[in-house]
A.B. asks: 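Dumping the structure here so I can ask a few things about it.
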2 protein chains.
Amino acid sequence: MSADQVTDTEFDIPLQQMVTFRLSRVHAKLNAQAARILKETAGISLSQWRIFVMIESHGKITPAQIVKRTDFDKGQVSRTVKGMLREGLISVEGSESDQRSHTVEFTDNGFAIFQQARPAMRARQNALLGSLTASERQVMFTAMDKLELAMEQIEDESQS
Amino acid sequence: MSADQVTDTEFDIPLQQMVTFRLSRVHAKLNAQAARILKETAGISLSQWRIFVMIESHGKITPAQIVKRTDFDKGQVSRTVKGMLREGLISVEGSESDQRSHTVEFTDNGFAIFQQARPAMRARQNALLGSLTASERQVMFTAMDKLELAMEQIEDESQS
DNA sequence: ATCGTTTAGTTGATCCGTCAACTTTTTTGT
DNA sequence: ACAAAAAAGTTGACGGATCAACTAAACGAT
């Protein structure tokens, strides 16, 4: 007795809202699950995980490069990095070419902790991707591209 | 001069992460844009808008019903409703059958403000939906369903 | 009828995301 | 060379999301 809602058809216009509502809910659930897994397996936060992933895929990297590649917020990257430093998960090294900047890198301990979370995260990713067919994945990506483009056009209109 | 990132191909495994990363970014952008439009056109928040939408599609409704239908957080609904009451956007009426509960409803002023935001929100929805083909929309929805299902199975596994 | 359980709603704590202000360093244009 | 502009990071503020503890009312089983 818990599958009786949502089957209603009183949606005339609100059905349109479903795209963003739906996306928002899926996102929230994905996030919450990832956060839970990370906490349980490695005791790290989702933000920290994302920094780790960036370091892993790029090697030594500066916060600014992370921001460019991911669109994460500058401020949040700064704070997350600070926290990870405090916890000894990463180390920094001042860039000699630019006095403002520094690169971040795994510490041994940080890498070990990263590795601890990977199997579960990898398994989850595979489960998620595996639940979709190749063409569904494909369409999903192009659809998200298109949504981002459409958004930019809306921006343009409402600002002209 | 701002489309030079993300075209890299150094992603071996992290490409897998792209599903959730991508979804997260699209979601964030959609949210930010909706919030901006709502603030500009009607001076309301996204949470308030969502409550309005629920009231509109359902008529008099209790917070608990909103929670059931949307999976919004109980606490946040409570706080948002409180704020909307304070601002005179909605009115409450104690349900006589249940002393704990109350239904919420538009005030005239609240409805007027809701109407103020609707054209822009409707236009945006149409722009977003219109940027996708019918089959892309279709696939997107089934894909999100599947992702939610897959997530539930992951839960089951990691808790058994 | 009453005790235990469930449900509605409120509140507090905490973290994440976003925005803006600010400092310092680098780059650029003349 | 030097002033103006842009970029890298830091920090504060604020709203949004999540989780948990709590009160009060309703329900249900015996």
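So you know, we letter chains A, B, ... as the sequences are listed, proteins then strands, and number each from 1. All values derive from a computational prediction rather than experimental measurement.
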A.B. asks: Separation of A:Lys39 atom NZ from C:dT14 atom C1', in whole Å?
C.D. replies: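 Computing the A:Lys39:NZ to C:dT14:C1' distance gives 10 Å.
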A.B. asks: Is there a donor and acceptor pair, one atom on the side chain of B:Arg79 and one on the base of C:dG9, closer than 3.5 Å?
C.D. replies: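 It does not, because no donor-acceptor pair links the side chain of B:Arg79 to the base of C:dG9 below 3.5 Å.
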A.B. asks: Specify the residue among A:Gln99 and A:Leu46 whose closest nucleotide of DNA chain C lies further upstream toward the 5′ end.
C.D. replies: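 Between the two, 5'-proximity favours A:Leu46.
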A.B. asks: How many angstroms lie between CD in B:Gln33 and CG in B:Leu38, if you round to the nearest 0.5 Å?
C.D. replies: 10.5 Å
A.B. asks: What is the distance, rounded to the nearest whole Å, between atom CD1 of B:Ile66 and atom P of D:dA17?
C.D. replies: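 Spelled out: CD1 on B:Ile66 to P on D:dA17 is 14 Å.
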A.B. asks: Within 45 degrees of the axis of the six-membered ring of B:Phe141 and under 6.0 Å from its centre: does A:Arg22 put its NZ or CZ there?
C.D. replies: no
A.B. asks: So what does B:Ala28 touch, heavy atoms closer than 4.0 Å: a base, only the sugar-phosphate, or nothing?
C.D. replies: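 Sugar-phosphate, no base atom in range.
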A.B. asks: Kindly say if A:Gln76 contacts the phosphate of C:dG17, meaning a side-chain N or O under 4.0 Å from OP1 or OP2.
C.D. replies: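 True: A:Gln76 side-chain N/O within range (under 4.0 Å) of C:dG17 OP1/OP2.
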A.B. asks: Establish, with yes or no, whether the OP1 or OP2 oxygen of C:dT10 is under 4.0 angstrom from a side-chain nitrogen or oxygen of B:Ser78.
C.D. replies: yes
A.B. asks: Counting the atoms with a prime plus P, OP1 and OP2 as sugar-phosphate, which does B:Asp98 contact under 4.0 Å by heavy atoms, base, sugar-phosphate, or nothing?
C.D. replies: sugar-phosphate
A.B. asks: Grab the NZ-P distance between B:Lys29 and C:dT18 for me, whole Å please.
C.D. replies: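 One finds 11 Å between P of C:dT18 and NZ of B:Lys29, rounded.
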A.B. asks: Can you check whether any acceptor in the base of D:dA26 is under 3.5 Å from a donor in the side chain of B:Arg100, or vice versa?
C.D. replies: no
A.B. asks: Give a yes/no on whether any side-chain N or O of B:Ser47 is located under 4.0 angstrom from OP1 or OP2 of D:dA17.
C.D. replies: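 Yes, because at least one side-chain N or O of B:Ser47 sits under 4.0 Å from OP1 or OP2 of D:dA17.
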A.B. asks: Applying a 4.0 Å non-hydrogen cut-off, can you work out what A:Lys74 is touching in the nucleic acid: base, sugar-phosphate, or nothing?
C.D. replies: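 A:Lys74: base contact, heavy atoms under 4.0 Å.
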A.B. asks: Strictly below 4.0 Å: does A:Arg50 bring a side-chain N or O up to OP1 or OP2 of C:dG17?
C.D. replies: yes
A.B. asks: Between B:Ser101 and C:dG9, is there a side-chain N or O to OP1/OP2 distance below 4.0 Å?
C.D. replies: yes
A.B. asks: Got a second to check how far B:Asn31's CG is from A:His27's NE2, nearest 0.5 Å?
C.D. replies: 7.5 Å
A.B. asks: With under 30° as parallel and over 60° as perpendicular, where do the rings of A:Phe111 and A:Phe106 fit, or are they tilted in between?
C.D. replies: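 Judged by the thresholds at 30° and 60°, the geometry between A:Phe111 and A:Phe106 is perpendicular.
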A.B. asks: Reckon B:Ser24 touches a base, only the sugar-phosphate, or nothing at all at heavy-atom distances under 4.0 Å?
C.D. replies: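 The residue B:Ser24 makes no contact with any strand.
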A.B. asks: Return the value, rounded to whole Å, for the distance between atom NZ of B:Lys68 and atom C1' of C:dG9.
C.D. replies: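 In whole Å, C:dG9 C1' lies 13 Å from B:Lys68 NZ.
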A.B. asks: Is any side-chain heavy atom of B:His58 closer than 4.5 Å to one of B:Ile61?
C.D. replies: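 Counting from C-beta outward, B:Ile61 and B:His58 do come under 4.5 Å.
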